[in-house]
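Just so we're clear, the structure is a prediction, and the values are computed from it rather than from any experiment.
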Amino acid sequence: MTPITAIEAAERLAGCESLDPRGLTTAADIPAMCQAGQCFDIEGGAVVLAELGDCLWIDAMRGHAEHDLTDAANWQITEHAQRQGLRRIGLQTGRSGLVRKLQARGFVVTGWIMQKAIACTG
């Protein structure tokens, strides 16, 4: 992984706000997320990382549709976390296929995001 600017990361991550399983992230949030985190090139895509206690949190990551980043990202981010003296890597996803891929690489599911659609009365 090679460091990149927050501006470059935000450009590469454009559109990834739609992947937020909570549905809370907007396009306007991406540049601020990049400014607050550590931004890296990963296989031509981008990843934004944040250190939260002993955990390296993946705030956002995006590659290219024709290239699966799972293996490359797993080992590169793991090595980065180890060099920083961190004990865990965490992320949030709504993609069941990614969950299965990450479980095969040692990740465990530690929670769920629950939502309920309700009718607006006001």
side-chain hydrogen bond (donor to acceptor under 3.5 Å, both in side chains) partners of R105, counting only residues at least two apart: D71
Point-to-point distance, once rounded to the nearest 0.5 Å, from CG of L98 to CD of Q103: 10.0 Å
Heavy-atom check, side chain of E51 versus side chain of L49, under 4.5 Å: no
Counterpart residues, ring pair (Phe, Tyr, Trp, His ring centres under 6.0 Å), relative to F107 (two or more places apart): none
Those residues that, when tested against E8, pass salt bridge (Lys or Arg N to Asp or Glu O under 4.0 Å) (two or more places apart): R12
Heavy-atom closest contact (A60 atom, C16 atom, distance): CB-SG, 4.3 Å
I77 side chain near M1 side chain, heavy-atom distance below 4.5 Å: yes
For T110, all residues meeting side-chain hydrogen bond (donor to acceptor under 3.5 Å, both in side chains), sequence neighbours excluded: none
side-chain contact (heavy atoms from CB on, under 4.5 Å) partner of M61, chosen from L69, V48, L13: L69
Shared hydrophobic cluster for I30 and L91 (ILVMFWY, side-chain gaps under 4.5 Å): no
Distance in Å, K116 NZ paired with I118 CD1, rounded so as to fall on 0.5 Å steps: 7.5 Å
Contacts of Q76 that satisfy side-chain hydrogen bond (donor to acceptor under 3.5 Å, both in side chains) - sequence neighbours left out: E43
Qualifying side chain to side chain donor-acceptor pair (under 3.5 Å) pairs, either residue in residues 82-94, two or more places apart: D54-R88
Min side-chain heavy-atom separation V47-D41 under 4.5 Å: no
Straight-line distance of C34 SG to I4 CD1, nearest 0.5 Å: 7.5 Å
Heavy-atom pair of closest approach, residues C39 and A6: SG-CA, 3.9 Å
Minimal non-hydrogen separation, I89 against A81, with atom names: CG1-CB, 4.1 Å
Exceeds 12 heavy-atom contacts within 6.0 angstrom, atom CG of L52: yes
